[in-house]
Amino acid sequence: MRDPAPSFLSQQLSNATASCKQGWQVIRDKGPGKVTFWFIALLIGIAAGFGALFFRKGINWLQATLYGTEDVQNLHTFISGLEWYWVVLIPTIGGLVVGLILHHFTNDARARTVADVILGAAMHDGRVETKAGIASVFASMITLSTGGSSGREGPVVHLAGVISTWVSKRINADGITGRDLLGCAVAAGVSASFNAPIAGALFALEVVLRHFAVHAFAPIVIASVAGTVINRIEFGGVTEFVLPTYGDLQFYVELPAFLLLGLTCGLVAVALMRSIFWAEDLGNYLQDRTGWPRWLRPAIAGALLGILALWYPHIIGVGYETMSNALTGALTFHEVVVFAILKVAAVAITLGGRMGGGVFSPSLMIGALTGLAFGLVATGVFPNVSGSSSLYALAGMGAVAAAVLGAPISTTLIVFELTGDWQTGLAVMVAVSMSTALASRIVDRSFFLTQIERRGIHLAAGPQAYLLAMFMVARIMRRPDDPDAADEAACWALIDDGTYVDGTSTLEAAMPIFDSSGARFIPVVTLSANAPPELLGALFHVDALKAYNRALAATAAEEHS
């Protein structure tokens, strides 16, 4: 006699029991590692959150001390009443101090920023420079406190990277773990700076790690929330800006206007980025021609900012007061245009003068001014089908910042979280999408990736381009004592024909030689000015391809895990 079939309820109970046993097995075998990692992510989030908080409080304290005002949010109004020599002297001395710090604690007298963190994630297993990074944080704090026209997010991101690097070295983290910890720290730093937990997490994934791998999402969110909690303990749950009520807006009718606004903001973002790079190149040229010491360069930039601030104090500092006025529509068209142009010039002087600081906050201000200028024109020409001009300022703020960062998703969310206005999402998204689509075609995707490209590292092109620069030829070549080494006579014949590669080169230099020569292997030599080449070994094409393919496979596995 056959046993009766089990009931539906007993089947479900049996399946649930089996699932519980399997889940417990996973937790017992693999879970503690993940739980430990999430706990480390939480601690890193708390540390990065406090770091961002102390950085912000430090700027406010120094600014209030140096300028003699307690209301640093309305700094430019207060500066208008200062004696002219203080307006010039404070940023000049600040620049001098910055120059001395960077001269003594960095190898190139350059403040570390978000670009260096992105480079650390891509090519250095999630590590950044510690000594130079800490010096850059203090230098940027002085810059922002003494009138430098930049933002605080760049130094905060690098400070977060220093924290995660310290932890990664202590636990001997591998590349994937190091990058995940770096993403956790960055997310916490950004969220603590702007009270924006969603945007902080997405910024770390979109800008720094440059992928949305599932395995990294949970710890990064944990750290981002921790950073936000630190911010809200100190400042509460308020937003950075309070916007007016827009009322009944004709979104669908106005959408073509926001498309045009996005294109306009894309061009403005490109102008901002190109201005900074032009100022950097000009500073390098003048420094080389005149031979002035590198520590003097930030002081000269500070003096220029002080002179400019005598007539237009709006350029001093981050510019939250001007940004708030733009978002509330409290500026005239003439003021908006003049302030936007001068802010671009001030940011170029600050960053081109190597004073330190970030580019995100200035791009928010320039975007708000651009959007308001566009909105004043649009609402003036079509008053019957237009909403508030302040809405254009909000959309412009997101559009310029997104194009500069190359991060449309996280920037859109940062704008929402900074303002607390989620009702105008359609307008902001349309403008952001158009600006990033246009700007990314003119520069190398973003300000940060263009900075890296200017250093000769092709990060914007993807791993298939920059991974070649990570492999030293000397580490992959076969030495003469290798059982499968290349024939020495054949190597010298290729050397005589000019087919060889320097032992200090990378695969980025070697692969084009394989393509042009068609050789199976390339001699690797040591080159010196007054001596003939010395044969070190031979780089085989198959060995180079194997190393490259393994790196590509590992990158793809990480990004899709």
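Keep in mind the model is a prediction, meaning the values are calculated, not measured.
No side-chain donor-acceptor contact under 3.5 Å links Ser275 to the backbone of Ala348. With hydrogens and angles ignored, the 3.5 Å screen pairs no side-chain donor or acceptor of Ser136 with any backbone N or O of Ala111. Counting only distance, with no hydrogens or angles, the side chain of Thr350 and the backbone of Ser149 share a donor-acceptor pair below 3.5 Å. The main-chain N or O of Ala188 is found under 3.5 Å from a side-chain atom of Ser191 such that the two form a donor-acceptor pair. Side chain of Thr228 to main chain of Ala196: no donor-acceptor pair is present (N/O by atom type, distance under 3.5 Å, no hydrogens or angles). Remark: side-chain polar atoms of Asn231 are paired, donor with acceptor, to backbone N or O of Ala192 under 3.5 angstrom.
Qualifying side-chain contact (heavy atoms from CB on, under 4.5 Å) partners for Val207, counting only residues two or more places apart in sequence or in other chains: Val114, Ile118, Phe203, Ala407, Ser410, Phe448. Annotation: side-chain contact (heavy atoms from CB on, under 4.5 Å) contacts of Phe212 (sequence neighbours excluded): Leu202, Leu205, Glu206, Ile409. Here Leu342 pairs with Leu308, Tyr312, Ile315, Val338 under the side-chain contact (heavy atoms from CB on, under 4.5 Å) rule; sequence neighbours left out. Taking the side-chain contact (heavy atoms from CB on, under 4.5 Å) definition, one finds that His211 meets it with Leu209, Ala213, Glu558, Glu559, sequence neighbours left out.
The pair Asp281-Arg274 fails the salt-bridge criterion, with no side-chain N (NZ, NE, NH1 or NH2) lying under 4.0 Å from an Asp/Glu carboxylate O. A salt bridge links Lys57 with Glu234: the closest approach of a Lys/Arg side-chain nitrogen to an acidic carboxylate oxygen falls below 4.0 angstrom.
Side-chain contact between Ile452 and Ile457: present, with at least one pair of heavy atoms (C-beta onward) separated by less than 4.5 Å. Contact annotation: the side chain of Val117 approaches that of Val186 to within less than 4.5 Å [non-hydrogen atoms, C-beta and beyond]. For the pair Phe194 and Glu153, the minimum side-chain heavy-atom distance is below 4.5 Å. Under the 4.5 Å side-chain criterion, counting only non-hydrogen atoms from C-beta, Ser363 is in contact with Leu272. At a threshold of 4.5 Å between non-hydrogen side-chain atoms, the residues Cys184 and Ile220 count as touching. Using a 4.5 Å cut-off on side-chain heavy atoms (C-beta onward), Thr113 and His158 make no contact. Side chains of Met470 and Thr506 form no contact here, defined as non-hydrogen atoms less than 4.5 Å apart. Counting heavy atoms from C-beta outward, Thr146 and Ile93 have side chains that stay 4.5 Å or more apart.
Residues Met472 and Thr504 share a closest heavy-atom pair of CE-O, 3.0 Å. Nearest approach of Pro408 to Ala402, heavy atoms of both residues: CA-CB, 4.0 Å. Closest approach of Ser390 and Leu327 over heavy atoms only: CB-O, 3.1 Å.
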Which donor-acceptor pairs under 3.5 Å do the side chains of residues 352-360 make with protein atoms, sequence neighbours left out?
unit_1: Arg354; atom_1: NE; unit_2: Glu280; atom_2: OE2; d: 3.2
unit_1: Arg354; atom_1: NH1; unit_2: Asp108; atom_2: O; d: 3.4
unit_1: Arg354; atom_1: NH2; unit_2: Glu280; atom_2: OE2; d: 2.9
unit_1: Arg354; atom_1: NH2; unit_2: Asn284; atom_2: OD1; d: 3.2

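Arg445 CZ: 12 or fewer foreign heavy atoms inside a 6.0 Å radius. For CZ of Phe277, the number of neighbouring non-hydrogen atoms (other residues, nucleotides, ligands) closer than 6.0 Å is greater than 12. The local environment of CZ in Phe55 is crowded, with over 12 non-hydrogen atoms from other residues, nucleotides or ligands closer than 6.0 Å. Heavy-atom neighbours of Arg441 CZ from other residues, nucleotides or ligands within 6.0 Å: at or below the threshold of 12. With a 6.0 Å radius and a threshold of 12 heavy atoms from other residues, nucleotides or ligands, Arg170 has its CZ atom above the threshold.
The side-chain contact (heavy atoms from CB on, under 4.5 Å) test with Phe447 is passed by exactly one of Ile276, Leu405, Val270: Ile276.
Remark: the Asp174 side chain and the Thr177 side chain contain an N/O donor-acceptor pair separated by less than 3.5 Å. Side-chain polar atoms of Gln287 and Arg294 form no donor-acceptor pair below 3.5 angstrom.
Pairs passing the side-chain hydrogen bond (donor to acceptor under 3.5 Å, both in side chains) check and including a residue from residues 118-135, sequence neighbours excluded, read Arg112-Glu129.
Both tests pass for Arg56 against the ring of Phe235: distance under 6.0 Å to the centre and angle within 45° of the axis.
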